[in-house]
Structures are given as structure tokens and as C-alpha cells.
Amino acid sequence: MFELPPAYAYLFLTLPFLIVWLVLYLAKKSTRGEQLHFSYIGAIIGPLSEVIYFKDYWLPKSVLFINVGRFPLMIEDVLFGFAIGGIAAVIFEVVFRTRLRKLSHHSKHIIKTWAIALIFVLALLILLALGLNSIYASAIAFVVAAIPILFYRHDLLLNAVGSGVCVMLVMFVSYYLLFNLASNTETLMKEQWLIHGTSLDLRFAGIPLTEMAWGFTWGFLAGPLYEFILNKRNYKTRP
């Protein structure tokens, strides 16, 4: 084990996600376009999301950041957002060896992409106004935004659950490596996690359950989103 400098903790945590992203990209050519689209979106949303997380969840250090007013724009947020966006979008298709097929007729859903985004934002703002910590507020808002997708497309439920579980497992492995390779993880947690030592500081094998919950719910929403938008469905390919 080694002592990890605080400024490198977030980058170290992000590296496994980038490796998984690359493996998924190389593993399946047909999903690369979908993966890149969601990665670009994630690279933008990642840094923006910290506006809420920095207030009550965590405040990590960075190896490279730019202060925008009082807000630190971190390179790790861009990299993590890029990786987790692409991973959540395609991991179900790659792991379970499915392909996408256009539905023969357009589903009768009336909800549009902008409406799903609006549902998420409204749910998030309401939960934050009620005093819920941002990590739980965003996790619940992910599920709320996924409900209309699954209501109109029941066939995407397996995709949602499978994507959620897979993303959660990637989160677990990344944190497991951090906690078992670095000798000062508890010090890093105390310095950078704002919920450290509070009633929200729940862990499994030393790993924050908040991260597991966030990973599952993000995959639960992002996994079926592409198929819903383009009116496609997954079908199993032959071995």
C-alpha cells in the first residue's frame, strides 16, 4: 500500500472508469457512436453537477483546476463525466451482448426528451428544497425521470436494471481499488467527504453506499435513454 497525495485521489478514482470506458469502446464497434454521444454530454454535465455536490456532499482536491469565480472547474470532473456517461449508455449492450433494432412502428409515448430533462430538474429542485442531501436528491431524481420512460416502454426495464447494476459494480471496483491500494483513504475521506462521520456516512466494505446508490440510479436512467429517444429496442445476439 502507498500514501496517496490528496490532490491525486480524485484522479486515481477516475482512472478505472476510463479503463472500463476504453474496454467497452474497443469491445463493440456498433455501440461506439452511442457511447461517444453520451460521453460528450457527460463531460459537460459532470462539472456542472458539482454546483450542488460541492455544497453538502464532497469537495475533492484536483491536480488541475481553474477557478470560475469561486467555483473550481476540475479536469477530473470532465474525465469522470466523460467516462461515466459513455459507460452507462452502452454497458448493458456490451455485457449482455445485445444489439439495437428499430421498432417496426413508433411507440405511442407522448413524452419528449426535453420533458424527461425537465422532470429530472424539477424533482431535483424539490428534493433539495426539502433539505435532502444532494447525492440522494440526484439519485432519486434519476429514478423519477426514468419512470415515464419505463411506463411507455416496459421492454426497457431489463436494460435499466442491468445498466444500473453494471454501473454500480464499476463504482464498487473503483473504490475497492482505492481503499485497498492507498493507506490513507480514511484521512482522504475525512478531508474531502462532507458527510464523513455523519448519519449519511454509510459504507459496505469501507465503500460509501451513497456512491453505490448514485451509480445504480444513474445507470437506471442513462441505460435505456438512447433506445427510448431513437425508438429502438435491444435484442439478444447469437453467441
CG of Leu11 to CG of Leu15: how many Å apart, nearest 0.5 Å? 5.0 Å

Under a single-linkage definition using a 4.5 Å side-chain heavy-atom cutoff for Ile, Leu, Val, Met, Phe, Trp and Tyr, are Met74 and Ile45 assigned to the same hydrophobic cluster? no

When you check the gap from the basic side-chain N to the acidic O, do Glu186 and Arg203 get nearer than 4.0 Å? yes

Report whether Leu230 and Phe92 are members of the same hydrophobic cluster (ILVMFWY, side-chain heavy atoms less than 4.5 Å apart, transitive linking). yes

Ring pair (Phe, Tyr, Trp, His ring centres under 6.0 Å) assessment of Phe54 paired with Phe71: CA-CA 9 Å; Phe54 283 172; Phe71 183 81; 5.5 Å; yes

Carefully, step by step, assess Leu132 and Ile140 under the rule side-chain contact (heavy atoms from CB on, under 4.5 Å). CA-CA 10 Å; Leu132 202 62; Ile140 295 173; 3.6 Å; yes

Evaluate the side-chain proximity of Pro6 to Glu191: yes if any heavy-atom separation is below 4.5 Å, no if none is. yes

So do the side chains of Leu4 and Leu178 get within less than 4.5 Å of each other, counting heavy atoms only? yes

What are the two closest heavy atoms between Ala9 and Gln192, and how far apart are they? CB-NE2, 4.3 Å

State, yes or no, whether a side-chain contact exists between Val144 and Leu122 at a heavy-atom distance under 4.5 Å. no

Flag yes if Leu118 and Ile41 sit in one hydrophobic cluster, no otherwise; membership is Ile, Leu, Val, Met, Phe, Trp, Tyr, and two members link when side-chain heavy atoms are under 4.5 Å apart. no

For residues Phe38 and Gly85, report the shortest heavy-atom separation together with the two atoms involved. CB-O, 3.4 Å

Applying ring pair (Phe, Tyr, Trp, His ring centres under 6.0 Å) to Phe142 and Phe220, what does each step give before you reach the verdict? CA-CA 8 Å; Phe142 287 146; Phe220 189 81; over 10 Å; no

Find out if a path of hydrophobic residues (ILVMFWY) with successive side-chain heavy-atom gaps under 4.5 Å connects Leu26 to Val95. yes

So, for Phe80 and Trp21, is the gap between ring centers shorter than 6.0 Å? no

Are Tyr136 and Ile147 connected in the hydrophobic side-chain network, where two residues link if heavy atoms are under 4.5 Å apart? no

Closest approach of Ala137 to Leu127 (non-hydrogen atoms, all atoms of both residues): O-CD1, 3.4 Å

For a quick test of reading the model, state the closest non-hydrogen atom pair linking Leu79 to Leu18 and the distance between them. O-CD2, 3.8 Å

Begin with the C-alpha distance, continue with both residues' side-chain angles, and end with the deciding distance and a verdict on ring pair (Phe, Tyr, Trp, His ring centres under 6.0 Å) for Trp214 and Tyr57. CA-CA 12 Å; Trp214 187 95; Tyr57 182 62; 9.5 Å; no

Working to the nearest 0.5 Å, report the span between CE of Met189 and CG of Asn184. 12.5 Å

Could you give the distance from CG (Leu24) to CD1 (Ile87), rounded to the nearest 0.5 Å? 6.0 Å

Are any side-chain N or O atoms of His154 and backbone N or O atoms of Leu150, one a donor and one an acceptor, separated by less than 3.5 Å? yes

Got a second to check how far Leu194's CG is from Leu200's CG, nearest 0.5 Å? 11.0 Å

Please indicate whether Phe151 has more than 12 foreign heavy atoms, meaning atoms of other residues, nucleotides or ligands, lying under 6.0 Å from its CZ. no

Can you tell if the side chain of Glu211 reaches within under 4.5 Å of the side chain of Tyr175, non-hydrogen atoms only? yes

Please say whether more than 12 non-hydrogen atoms of neighbouring residues, nucleotides or ligands are located less than 6.0 Å from CZ in Phe179. yes

Contact summary for Ile116 and Ile149, nearest pair of heavy atoms: CD1-CG1, 3.6 Å

For the pair Glu76 (side chain) and Val63 (backbone), establish whether a donor and an acceptor sit closer than 3.5 Å, ignoring hydrogens and angles. yes

Just by distance, do the side chain of Ser174 and the backbone of Leu13 share a donor-acceptor pair under 3.5 Å? yes

Can you check whether Trp218 reaches Ser163 side chain to side chain, under 4.5 Å on heavy atoms? no

Do Arg153 and Pro224 come close enough that some side-chain heavy atom pair is under 4.5 Å? no

Do Glu227 and Asn159 have side chains that get closer than 4.5 Å, going by heavy atoms? yes

Of the non-hydrogen atoms in Phe12 and Pro16, which two are nearest, and what is the gap between them? O-CD, 3.2 Å

Could you check Met171 against Phe216 for side-chain contact (heavy atoms from CB on, under 4.5 Å), going step by step and ending with a plain yes or no? CA-CA 9 Å; Met171 298 285 287; Phe216 175 82; over 6 Å; no

One should read off an interatomic distance between Phe17 CZ and Phe82 CZ, to the nearest 0.5 angstrom, of 14.5 Å

Student check: side-chain heavy atoms of Leu48 and Asp77 closer than 4.5 Å: no

Could you measure the distance from the CD atom of Glu3 to the CG atom of Leu188? Nearest 0.5 Å is fine. 8.0 Å

Take atom CD1 in Ile66; do more than 12 heavy atoms of anything else shown fall under 6.0 Å from it? no

Donor-acceptor pair, distance only, cut-off 3.5 Å: does the side chain of Asp56 make one with the backbone of Ser134? yes

Could you go through Asp201 and Thr210, starting from their C-alpha distance and side-chain angles, then the distance that decides it, and tell me whether this counts as side-chain contact (heavy atoms from CB on, under 4.5 Å)? CA-CA 8 Å; Asp201 187 6; Thr210 51; over 6 Å; no

Kindly indicate, with the supporting measurements, whether the criterion side-chain contact (heavy atoms from CB on, under 4.5 Å) is fulfilled by Lys28 and Val90. CA-CA 9 Å; Lys28 197 165 187 178; Val90 304; over 6 Å; no

So with a 6.0 Å cut-off around CZ of Phe65, is the heavy-atom count from everything else above 12? no

